[in-house]
Number of protein chains: 2
Amino acid sequence: MSLELKQAPVGDADAKQRLRIWIRLLKLSRRIESEIRERLRVEFSTTLPRFDVLAALYRKGEGMKMSELSQALMVSNGNVTGIIERLVQDGQVVRMPVEGDRRAMQVRLTEAGREAFARMAEVHEGWVNSMLGSLDDEDAARLLALLGNVSINGRKVK
Amino acid sequence: MSLELKQAPVGDADAKQRLRIWIRLLKLSRRIESEIRERLRVEFSTTLPRFDVLAALYRKGEGMKMSELSQALMVSNGNVTGIIERLVQDGQVVRMPVEGDRRAMQVRLTEAGREAFARMAEVHEGWVNSMLGSLDDEDAARLLALLGNVSINGRKVK
DNA sequence: CCTAAAAATTTTAAGCTTGAAATAAATTCG
DNA sequence: CGAATTTATTTCAAGCTTAAAATTTTTAGG
């Protein structure tokens, strides 16, 4: 009885609060994202999707298959096809056949791609650091933990 | 001296932590965003940008000028032009001349647009609520506060 | 072996997004 | 007034993104 009286309105207030979280989350990440896009464009003549691909490949010296890449980045296969195409044009990436499977393609950074990414990554870290500079150590730790504990469809974000 | 010895490494660790925050933030918001996009598409045959435009217009019965809209949504003018075009096609929005300024255009929801948005907004709130359901009340409040306190380029996110 | 199903990838069509250039109208100020 | 600047918007070219269809190759089962 007290359950019924309480459940509905409380649940509703919670929903509104979670909606506010989502709106704020979206606003913040869009703000940071567009700042990063702008700076990548102005300072390095590149784009965020290209940067993301390079980042994924940077950690895997042996390269990745197209499908691994699209999974890692959580984007569609067709999407990766186009980005890789342009990165190959730019000479930052090479495609190689996968031995034993003629359907698949292994993609790997060139030396130029490796160097370009290393250079960008360092600066990029500085951008993010300064954009989140208003968080002190404690708040940063708290925020990191809170974000890491959210789980969607049973899977944690972390 | 102790200052110098401490400053550099600590600053660096902080930068790494803030970078982790950014990565987690991005991952979470992309996950939520793509879930919402998918559901808007499947259940309402619409898209997130359209939904965002309707949401902005819903609160302003008198409508908004194109430039107000693009500012509110933090996207380019040209972007809004295209989305409005399609919403007009769909009969959810109308454009009207602004009296006293023949350059400007006032955009307003039609009754159909109003109803469609109201219906979607309710369901949408439920989606978000369930996606963020793993946060209890306390954590939700904390997260909301932390997000609201971040400021970029001197401007708070809130 | 050989055919059906599955897997890896590319292609396609449509829409989103941006910055820059173009238009058109309003405002400023000499 | 009239030229120059500013403001509101659209157009354009390029790239990103997706879902669905198509292609090619591999794998499984009879």
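All of these numbers come straight from a predicted model, not from anything done at the bench. Protein chains get the first letters and strands the later ones, always in sequence-line order, with residue 1 at the start of each.
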Round to the nearest Å and state the distance from Glu33(A) atom CD to dC16(C) atom C1'. 13 Å
Of Arg50(B) and Met105(A), the one whose closest DNA chain C nucleotide lies more 5': Met105(A)
Hey, which sits more toward the 5' end of DNA chain C by its nearest nucleotide, Asp101(A) or Arg37(A)? Asp101(A)
Starting the side chain at C-beta, find the nucleotide from dT10(C), dA19(D), dT18(C) nearest to Glu38(B). dA19(D)
For Gly82(B) and for Thr47(A), locate the closest nucleotide of DNA chain D by heavy-atom distance; then report the residue assigned to the nucleotide nearer the 5' terminus. Gly82(B)
Within the pair Ser67(A) and dT9(C), is there a side-chain N or O less than 4.0 Å away from OP1 or OP2? yes
Could you state the atom-to-atom distance from CZ of Arg41(A) to P of dC16(D) in whole Å? 13 Å
Considering only side-chain heavy atoms of Pro49(A), which listed nucleotide, dT9(C), dT17(D), dG15(C), is closest? dT17(D)
Sugar-phosphate only, base, or nothing, as touched by Val75(A) at under 4.0 Å among non-hydrogen atoms: sugar-phosphate
Indicate, yes or no, whether a donor-acceptor pair under 3.5 Å links the base of dT7(D) to the side chain of Arg103(B). yes
Give the nucleotide from the list dT9(D), dA8(C), dT17(C) with an atom nearest to the side chain of Ile83(B). dT17(C)
For the pair made of CE in Met66(B) and P in dA25(C), what is the distance, rounded to whole Å? 17 Å
Got a donor-acceptor contact below 3.5 angstrom from the Ser151(B) side chain to the Gly154(B) backbone? no
In this structure, how many angstroms lie between the C1' atom of dT18(C) and the CZ atom of Arg39(A), rounded? 18 Å
Counting distance only, does the side-chain N/O of Arg24(A) pair as donor-acceptor with the main-chain N or O of Leu144(B) below 3.5 Å? yes
Rounded to whole Å, CD of Gln71(A) lies from P of dA8(C) at a distance of 9 Å
What does Leu48(A) touch in the nucleic acid at a heavy-atom separation under 4.0 angstrom: a base, only the sugar-phosphate, or nothing? nothing
Atom-to-atom span, CZ of Arg30(A) to C1' of dT18(C) - whole angstrom: 14 Å
Is any side-chain nitrogen or oxygen of Arg95(B) closer than 4.0 Å to OP1 or OP2 of dA8(D)? no
Integer-rounded Å distance: dT17(D) C1' and Met74(A) CE: 14 Å
Pair Arg108(B), Glu62(B) - check salt bridge (charged side-chain N to carboxylate O under 4.0 Å, His left out), show working. CA-CA 7 Å; Arg108(B) 189 151 54 158; Glu62(B) 74 282 11; over 6 Å; no
Would a distance-only check, ignoring hydrogens and angles, find a side-chain to backbone donor-acceptor pair under 3.5 Å from Glu115(A) to Ala112(A)? no
It should be established whether Thr81(B) places a side-chain nitrogen or oxygen under 4.0 Å from OP1 or OP2 of nucleotide dT11(D). no
Using a cut-off of less than 4.0 Å, is there contact between a side-chain N or O of Arg102(A) and OP1 or OP2 of dT26(D)? yes
Please give, in whole Å, the distance from dA14(D) P to Leu40(A) CG? 21 Å
Any Asn79(A) side-chain N or O less than 4.0 Å from OP1/OP2 of dT18(D): yes
Ring center gap for Phe51(B) and Phe44(B) short of 6.0 angstrom: no
Any donor-acceptor N/O pair, Gln106(A) side chain to Gly63(A) backbone, under 3.5 Å: yes
